[in-house]
Amino acid sequence: MSVHKEVKKVTTHQLQEMKRRGEKIAMLTAYDYTMAKIIDHAGIDVILVGDSASNVMAGHETTLPITLDQMIYHASSVIRAIDRALVVVDLPFGSYQGNSKEALTSAIKIMKESGAHAVKLEGGREIKDSIERILSAGIPVMGHLGLTPQSIYKFGTYTVRAKEEEEAKRLMEDAKVLEESGCFALVLEKIPAKLAEQVAKSITIPVIGIGAGSGVDGQVLVTHDMLGMTHEFSPRFLRRYLNLYESMSGAFQQYIKDVKSKDFPNESEQY
Ligand code: KIV
């Protein structure tokens, strides 16, 4: 008899049930096997293989340079670690904006080659056709509105979006479009908390916020930021749970010292 306990996997349907019950959804990013394993075993609901990998893993200034194949590499590493979480993968810049056929081809490639469970796209009404075409292939889609980093050169800065009435109204309308198109959830990034709460109340799909206040259905943070590994990045919305930059620097410095002083390895650390 097997004593192996089956882990119940998180589904898009369950996330929608969580919203109905008022249970908040916890989401974090991961780009590699080891980190994803720790996050999954901690009990996270959703892991996002974000195109923030372009910044965090590759050191680019923006999310624009990361490619579809690089996203697939990160996503397949994460998928190999997962027992429970729903894994959502960002479609990178340039892989879906051309037309809906291109969007579908990119989404299918991600699903086939990485084993991910869903994709995320940035934008509203302008990508409605692409969202519907991807959904028609049976691929769940998460939307993303507010500060959409793939459009950074249009915005000019990473400041709070939708502070003005016109942009707030458009965002409310776009959230409705994404819901009606069939998105299973929506990320709202860096917008006023009041507006985010209004959006969350006006649609039935879960709204997951980053810098969007507490009135939404869940929260997402970039893991390397909340662990304090990226110490140069300090937006107001970021809560740091550790200062890993300092702890890791200390460990590396100690290791260097131990090697130089011939303290490492000692008698018991060799054969
Ligand atoms: O790429 C990413 O990490 C994201 C989150 C910030 C939502 O899109």
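This structure is a prediction, so every number in the text was calculated from the model and none was measured. Just follow the structure's listing: the first ligand is 1, and inside any ligand the first atom is 1.
For Glu189, no nitrogen or oxygen atom sits less than 3.5 Å from a nitrogen or oxygen atom of ligand 1, counting backbone and side chain alike. The shortest N or O to N or O distance between Asp90 and ligand 1 is under 3.5 Å. Annotation: Tyr31 places no N or O atom under 3.5 Å from an N or O atom of ligand 1; distance criterion only.
When hydrogens are left out, the protein atom nearest atom 8 (O) of ligand 1 is Lys120 NZ, 2.9 Å; that is the closest non-hydrogen contact. Of the protein's non-hydrogen atoms, the one nearest atom 5 (C) of ligand 1 is Leu48 CD2, 3.7 Å. For atom 3 (O) of ligand 1, the nearest non-hydrogen atom of the protein is Ser52 OG, 2.5 Å. Of the protein's heavy atoms, Ile210 CD1, 3.7 Å lies nearest to atom 6 (C) of ligand 1.
Of the candidates Glu122, Glu167, Glu166, Arg161 forms a salt bridge (charged side-chain N to carboxylate O under 4.0 Å, His left out) with just one, namely Glu167. Each of Lys19, Lys24, Lys201 was compared with Asp217 under the side-chain hydrogen bond (donor to acceptor under 3.5 Å, both in side chains) criterion, and only Lys19 meets it.
A salt bridge is defined here as a Lys NZ or Arg NE, NH1 or NH2 lying under 4.0 Å from an Asp or Glu carboxylate O, and Asp45 with Arg84 meets this definition. Taking 4.0 Å as the cut-off between side-chain N and carboxylate O, Arg20 and Glu17 count as a salt-bridged pair. Checked for salt-bridge contact, Lys128 and Glu132 meet the test: a charged N lies under 4.0 Å from a carboxylate O. Ion pairing between a basic and an acidic side chain is recognised when a charged N comes within 4.0 Å of a carboxylate O; Lys257 and Asp263 show no such pairing.
Less than 4.0 angstrom separates some heavy atom of Gly50 from each of these atoms of ligand 1: 1 (O), 2 (C), 3 (O).
Heavy-atom distances between His144 and ligand 1 reach below 4.0 Å in at least one pair.
Residue-environment remark: OH (Tyr158) exceeds the threshold of 12 foreign heavy atoms within 6.0 Å.
The proximity of Thr29 to ligand 1, defined as any non-hydrogen pair under 4.0 Å, is limited to the side chain.
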